[in-house]
Amino acid sequence: MEAYLERHFRSALGRLGAPEDTRVEFEIPQNSEHGDLSTNVAMALARPLKKSPRQIAQDIIGHLELDNGYVRLVEIAGPGFINITFSKTYLIDQLRVVLDEGATFGRTATNEGKAINLEWVSANPTGRLHAGHGRQVCLGQAIANLLEWTGGKLTREYYFNNAGNQMANLAKSVHVRYLQELGDEIELPEDGYRGVEIVDIAKQMVAEFGDGKRAAPLSFFQSFGEQANFASIQRTLERLGVHHDVFFNENSLYDSGAVETTIREFKERGLAYEKDGALWLKLSEMGEKEDRVIVKSTGEPTYRLPDICYHRNKLGRGYDQIIDIFGADHIATIADVLAALRALGYDTERIKVIIHQMVSFVSGGELIMFSKRSGGAYTLDELIDDVGVDAVKYFFNMRSAGSHLEFDVELAKEQSEKNPVYYVQYAHARIASILRFAEQQGLDTSQVEQADLTVLDHAEEHALIKVLLRFPTVLSRSAASLAPHHVCEYLREVAQQFHKFYHDCRIVGSAPEIQSARLALTLAAKRVLASGCTVLGVTAPESM
RNA sequence: GCGCCCGUAGCUCAGGUGGAUAGAGCAACAGCCUUCUAAGCUGUGGGUCGCUGGUUCGAGUCCAGCCGGGCGCGCCA
């Protein structure tokens, strides 16, 4: 519809002598009295045409030749808006298209053919996932789905590091816990990992080896701990239905010589220098605040260097778009990595970084504290146990990534109308129930899609069709802005409008032709709800 | 001190490129079930959009400066 209107508006503007590059855009007004679509083009032209907006709007309308019967009303309102109201014919025709598209309705070609790499979670195997990780896990899953629904060819990637300080720390921690399990009086080092999972790992080792590993090297404890932690992370991701295509080990960057190559290039370009026995990157000459160490005086690289190499690697794999999701606590590294890549001659426009803010978990108005290094951590598994998979996913995607998220565990747990995830799921279950009831009444619901839809005349029927028609736009806009929270808001609207329709319009038991048409509309609503839930990774239950 | 994010109704939050009387959910109050799921629907009240300036015909939205909160600012990741 927008494309059709834009064509006609452009041709009208041409005759008025408006500039070629005038933007003609339509938006859905907040207030339904302002029509179904609205444009402010007349107001934007007031200056160049040196006429009043309302006069320009009048002129545009005078030159408009909308001929297909899809527009019922074109009117000027307020300071110079042109408001367009759809005809019933348009709504009915579009509902027909929705039904014909079936389960694929909502898919668009916005990202058609684009190869996209999405990297997220990327937690190192030093422990299990904690509740706070859930935000990134669920956000990434929904974004991945959005990108696929808009035609993208996705590679889901997980980057991890199983070497270095953190893992040495893990080795020491596992070792100490193992000895403690064997009865030794020994203290966990100050910076050791205090999570209960390390104790579990130690217990597992005792069960498997008894005291036979007392003299084993730290590398043994490290690798045992790593495997156990990775298995735990995988189990948790599995519970949420999150899968990755590529697990990229930081070590491979050393094995392949990529790190060495990058160091050499930095030196050759005069972007790195030695000081105090370490190698520094001249970030201050790349527009950043200050220089940073990329190779420590011990000879080990800092995280920054492999991060740069990793992004080079991804850039070299030919993706049209590379998306990283990071928590706000990693914000400092991003600018450095991008600056370094630009200094090496890369176009970083292809890289998009999503920074999500932190999460606080609240229960009964009280803050739940958690810390990865303390034994009393609130794990993602516990959160899932507490509120269920669907609530976890819906709640983590409910707010924009840039906003701090307050996760109300009490509310998420509650099986009531207060809980937004149930509101959406209930609408779907209610529809399923209506269709079952219709079957019980001897109706063949598989035939209703063919119904004559022109009998749909009720205002709530039309309102529901309009909401359903927005679905593809909602998905493509959410995908473009990498913001799944719009989908949550939209699904709430669909559910709400369905409930209004249900309240006002008797479905089963009304006149046969109306009954069929309403069942067809109901079916369309069910599919949109189900598809929207699928994008969020939330189930759409047949009954509740 | 510096960088990024946030500040909108009692609470939690939305507010595509600047536009029409600033929205939703929850909470509060008042209604609606002999028929398809009341986990629902209808109605009411509730706001100096942190503050101050600036740009503009028009600012919650853009710019500057303050104030308040979060996260960072390591030869940790």
*NA contact type, A/Gln415, heavy-atom cut-off 4.0 Å: base, sugar-phosphate, or nothing?*
base
*Hey, does A/Thr302 reach any base, or is it just sugar-phosphate, or nothing, if we go heavy atoms under 4.0 Å?*
sugar-phosphate
_Short N-O contact, A/Glu449 and A/Arg527, less than 4.0 angstrom_ = yes
*Sub-3.5 Å donor-acceptor pair from the side chain of A/His311 to the main-chain atoms of A/Asp307, do we have one?*
yes
*OP1 or OP2 of B/C76 less than 4.0 angstrom from a side-chain nitrogen or oxygen of A/Lys296, does that happen here?*
yes
*Could you run down nucleotides 11-24 of chain B 5' to 3' and tag each one B, S or - for protein heavy-atom contact under 4.0 Å?*
-BSSSBB-BBB--S
*Measure from the side-chain heavy atoms of A/Ile331 and tell me the nearest of B/A77, B/U37, B/C4.*
B/C4
*Expressed as a whole number of Å, how far does the C1' atom of B/C63 sit from that of B/U21?*
28 Å
*Begin from the C-alpha positions of A/Glu285 and A/Arg342 and carry the test salt bridge (Lys or Arg N to Asp or Glu O under 4.0 Å) through to its verdict.*
CA-CA 12 Å; A/Glu285 288 181 17; A/Arg342 277 192 293 270; over 6 Å; no
*Give one of base, sugar-phosphate or nothing for A/Ser481, where a contact means two heavy atoms less than 4.0 Å apart.*
nothing
_Quick one, A/Phe361 with A/Leu383, criterion side-chain contact (heavy atoms from CB on, under 4.5 Å). Give me CA distance, side-chain angles, the key distance, then yes/no._
CA-CA 10 Å; A/Phe361 294 89; A/Leu383 178 67; 3.8 Å; yes
_B/G53, syn or anti by chi within 90 degrees of zero_ = anti
*The side chain of A/Tyr423 lies closest to which of these nucleotides: B/A77, B/C75, B/C41?*
B/C41
*Value in whole Å for how far the C1' atom of B/C71 lies from NE2 of A/His356*: 12 Å
_Closest-nucleotide 5' rank along RNA chain B - winner of A/Ser416 and A/Ala278_ = A/Ser416
*Using the P atoms only, state how far B/A28 lies from B/C11, rounded to an integer number of Å.*
15 Å
*Using the P atom on both, measure B/G69 against B/G23 and round to a whole Å.*
31 Å
*Between A/Glu290 (CD) and B/C2 (C1'), how many Å, whole number?*
9 Å
_Any salt bridge linking A/Arg399 with A/Glu406? Criterion: basic side-chain nitrogen under 4.0 Å from a carboxylate oxygen._
no
*Sugar-phosphate only, base, or nothing, as touched by A/Tyr303 at under 4.0 Å among non-hydrogen atoms*: base
*Nearest-Å distance, CG (A/Leu170) to C1' (B/C76)?*
15 Å
*asked:* What's the closest nucleotide to the side chain of A/Gln357 if the choices are B/C5, B/G40, B/A77?
replied: B/C5
*For B/C33, decide between syn and anti, treating a glycosidic angle within 90° of 0 as syn.*
syn
*When the distance from CG of A/Leu283 to C1' of B/G3 is rounded to whole Å, what number comes out?*
14 Å
*Based on Watson-Crick and G-U pairs with both distances under 3.5 Å, what dot-bracket line describes RNA chain B 5' to 3', crossing pairs as [ ] and inter-strand pairs as |?*
(((((((..((((.....[...)))).(((((.......))))).....(((((..]....))))))))))))....
*Rounding to the closest angstrom, what is the interatomic distance between B/C49 and B/U56 at atom P?*
22 Å
_Pairwise P distance, B/A39 and B/G60 [rounded to whole Å]_ = 41 Å
*Would you sort out whether A/Tyr426 and A/Tyr423 count as a ring pair (Phe, Tyr, Trp, His ring centres under 6.0 Å), showing the intermediate values?*
CA-CA 5 Å; A/Tyr426 176 70; A/Tyr423 184 77; 8.1 Å; no
*Candidate nucleotides B/G74, B/A77, B/U37, ranked by approach to the side chain of A/Arg292 - the nearest*: B/G74
_Euclidean distance for C1', B/A27 against B/G10 (whole angstrom)_ = 8 Å
*Using side-chain contact (heavy atoms from CB on, under 4.5 Å) as the criterion, list what pairs up with A/Ser543, not counting sequence neighbours.*
A/Arg436
*NZ/NE/NH1/NH2 to OD/OE distance under 4.0 Å, A/Lys314 and A/Asp324*: yes
*Nearest-Å distance, CG (A/Asp336) to C1' (B/G3)?*
11 Å
*Return the value, rounded to whole Å, for the distance between atom CD1 of A/Ile263 and atom C1' of B/C75.*
14 Å
*Minimum-distance nucleotide (side-chain atoms of A/Lys418 versus B/C26, B/G72, B/C75)*: B/C26
*Residues in ring-ring contact (aromatic ring centres under 6.0 Å, His included) with A/Phe247, at least two apart?*
A/Tyr158, A/His244
*Within a radius of less than 6.0 Å around NZ of A/Lys413, do more than 12 heavy atoms belonging to other residues, nucleotides or ligands occur?*
yes
*asked:* Nearest to the A/Asn161 side chain among B/C71, B/C41, B/A77, which nucleotide is it?
replied: B/A77
*asked:* Between P on B/G25 and CZ on A/Phe395, what's the gap in Å once rounded to a whole number?
replied: 15 Å
*Give every residue pair that meets the salt bridge (charged side-chain N to carboxylate O under 4.0 Å, His left out) criterion with at least one member in residues 327-341 of chain A, sequence neighbours excluded.*
A/Arg304-A/Asp336
*Near RNA chain B, under 4.0 Å by heavy atom, which residues of residues 498-508 of chain A?*
A/His499, A/Lys500, A/Tyr502, A/His503, A/Cys505, A/Arg506, A/Ile507, A/Val508
*For A/Leu367 and B/G69, what is the distance between atoms CG and P respectively, to the nearest whole Å?*
16 Å
*May I ask you to decide if A/Gly152's main-chain N or O and A/Asn111's side chain share a donor-acceptor pair within less than 3.5 Å?*
no
*What interatomic distance, in whole Å, is found between P of B/C4 and the corresponding atom of B/G65?*
11 Å
*Please work out which of the three classes, parallel, tilted or perpendicular, describes the rings of A/Phe160 and A/Phe230, given edges at 30° and 60°.*
perpendicular
_Checking the side chain of A/Arg10 only, and the main-chain atoms of A/Thr22 only, is there a donor and an acceptor separated by less than 3.5 Å?_
yes
*Considering heavy-atom distances to RNA chain B, does A/Val293 or A/Ala432 have its closest nucleotide positioned more toward the 5' end?*
A/Ala432
*Whole-angstrom distance between B/C5 and B/C76, as gauged at atom C1'*: 23 Å
